[in-house]
Undergrad: 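One structure, as structure tokens, below. Some questions next.
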Amino acid sequence: MITSVVYAFDPANKPVHTAKPGETLVFETQDCFSNEIVREDQLTTGFNYYRANPATGPVYVEGAEPGDILSVYIDKVEVGERGVVTTLPEVGPLADKAEIRTKILKMQNGRTTFNGLDLPLDPMIGVIGVSPAKEPVACGFPGSHGGNLDSKLVKPGAKLYFPVRVPGALLQLGDLHAVMGDGELCGTGLEAAGVVTVTISLIKNTPIEWPVLETADYWYSMASDLDYTKALVAATRQTADLLGKATGWDLTDSFFFLSLWGTIEVNQACQPCPVPMVLRVGAPKLPGKPLIAG
Ligand code: CA
Ligand code: ZN
């Protein structure tokens, strides 16, 4: 079990484990508040965001080189018995009207109780990725290396593909949400500590710019920016390029296909917020035409 945490995706981080492609890894993760918020009278006022979202790792993957893809299949996401949801100062569309409040919910057998209502959980991973090439990125921020992607689809059965930028890739993950809606409106999901099991593999010499997510039905590119248009252009371009390579279509036909059968969904967009929004542009799976082979 891998347990030690870091607060940035950073090429200077010391690996805490060395893995071979094909290996299954188990990470113990802290919640996004480093497990420090345990009572409802603890508020996020003054919380240092650069100390948020600890990620467990990193793991050095043998043979991973820049230009490769590290694929990460999510076998299992198990959350603890306590979930925390909080408002954050000046974050989210209701920030000017809502109070700063902390709510702690008990979780059991995949369910929780919210204001007397029995509701389902759907655990997912908020922070997951590999090292950027040079400059460190705090774990609370998303980028082309992954990081705080905050997608409710990053859950068991999904597979992620990350662009390797440094030798060994340096995989790390954390920030589990027991449940989260698209957009993560108030800036937090149901934040939880837990245990994550993944199986990694390596695809040599296949450069991508942004993380790719494969679900049962779709291939998505996930891109982030403070500006919606820039994130949209980046994710659409990559999905269209991959689709063109898989099908032999030119860019215009891929553009048509995405316009007719594609999907644009929000990972995290709790604006106003200093953290870039993250969106995903997806193409439905076509039989025998994987957007990334392997
Ligand atoms: Ca997050
Ligand atoms: Zn979180």
Side-chain angles (χ1 to χ4, degrees), residues 5-9 27-38 42-44 47-57 72 74 77-92 95 100-105 107 112 121-130 137-155 158 160 162 171-196 211 213 222-226 231 265-280:
V5 302
V6 289
Y7 288 89
F9 286 79
F27 297 79
E28 183 179 63
T29 63
Q30 301 179 6
D31 74 19
C32 72
F33 302 113
S34 308
N35 299 344
E36 282 168 12
I37 295 189
V38 295
Q42 291 176 280
L43 303 178
T44 55
F47 187 78
N48 180 356
Y49 195 73
Y50 287 82
R51 292 287 292 175
N53 295 294
T56 302
V72 182
I74 302 165
V77 178
E78 298 161 283
V79 291
E81 294 180 340
R82 187 172 53 86
V84 184
V85 60
T86 67
T87 39
L88 303 167
E90 294 171 42
V91 170
I100 297 300
R101 186 182 295 169
T102 297
K103 220 170 173 67
I104 295 186
L105 304 183
M107 310 189 288
T112 191
L121 303 176
D122 193 9
M124 50 151 278
I125 303 168
V127 169
I128 181 167
V130 296
V137 181
C139 287
F141 291 81
S144 65
H145 65 293
N148 195 12
L149 293 170
D150 275 337
S151 167
K152 70 178 187 185
L153 302 183
V154 178
K155 63 180 186 174
L160 286 152
F162 293 106
L171 171 69
Q172 57 193 50
L173 59 87
D175 182 33
L176 306 186
H177 299 162
V179 69
M180 188 197 92
D182 276 332
E184 197 187 32
L185 272 192
C186 79
T188 57
L190 188 52
E191 307 294 333
V195 176
V196 174
L213 171 69
M222 300 190 294
S224 52
D225 202 282
L226 285 167
E265 298 159 22
V266 165
N267 284 13
Q268 171 269 107
C270 48
Q271 314 308 352
C273 175
V275 177
M277 62 144 337
V278 192
L279 56 72
R280 53 184 188 265

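All figures in this text were calculated on a predicted structure; none of them were measured in a lab. Computed from heavy atoms alone, side chains included, the values below leave out hydrogens, waters and symmetry copies. Order of listing sets the numbers, starting from 1, for every ligand and every atom in it. Just so you know, residue 1 is the first one in the sequence shown, and it goes up from there.
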Undergrad: Is a side-chain N or O of T56 found less than 3.5 angstrom from the main chain of G174, in a donor-acceptor match?
TA: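 Checking the backbone N and O of G174 against the side chain of T56, no donor-acceptor pair under 3.5 Å is found.
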
Undergrad: Within the distance-only criterion (no hydrogens, no angle test), does the side chain of R280 pair as donor or acceptor with the backbone N or O of V266 below 3.5 angstrom?
TA: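 Checking the backbone N and O of V266 against the side chain of R280, a donor-acceptor pair under 3.5 Å is found.
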
Undergrad: Is there a side-chain contact between S151 and V278, using heavy atoms and a 4.5 Å cut-off?
TA: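 Result no, sub-4.5 Å side-chain heavy-atom pair not found.
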
Undergrad: Around the Ca ion (ligand 1), how many protein N, O or S atoms are closer than 3.0 Å?
TA: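 Protein N, O or S neighbours of the Ca ion (ligand 1) under 3.0 Å, waters not counted, come to 4.
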
Undergrad: Has the side chain of Q268 got a donor or acceptor atom that lies under 3.5 Å from a matching backbone atom of P142?
TA: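 Here the side-chain-to-backbone pair does not exist.
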
Undergrad: Tell me whether E191 contacts the main-chain N or O of H177 through its side chain, where contact means a donor paired with an acceptor under 3.5 Å.
TA: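 No; judged by distance alone, with no hydrogens or angles, the pair does not exist.
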
Undergrad: Between E184 and M180 (side chain of the first, backbone of the second, donor and acceptor by atom type, cut-off under 3.5 Å), is there such a pair?
TA: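 No; zero donor-acceptor contacts below 3.5 Å.
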
Undergrad: Restricting to non-hydrogen atoms, name the atom on A52 and the atom on Y7 that form the minimum distance, rounded to 0.1 Å.
TA: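 Taking every non-hydrogen atom into account, O-CD2, 3.8 Å.
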
Undergrad: Are any side-chain N or O atoms of T102 and backbone N or O atoms of Q42, one a donor and one an acceptor, separated by less than 3.5 Å?
TA: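 It does hold such a pair.
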
Undergrad: In terms of side-chain geometry, is the basic nitrogen of K152 or D122 positioned less than 4.0 Å from the acidic oxygen of its partner?
TA: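 Not counted as a salt bridge, because no side-chain N and carboxylate O are separated by less than 4.0 Å.
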
Undergrad: If I only include protein atoms of type N, O or S, how many are less than 2.8 Å from the Zn ion (ligand 2)?
TA: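 Near the Zn ion (ligand 2), the number of protein N, O or S atoms below 2.8 Å is 4.
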
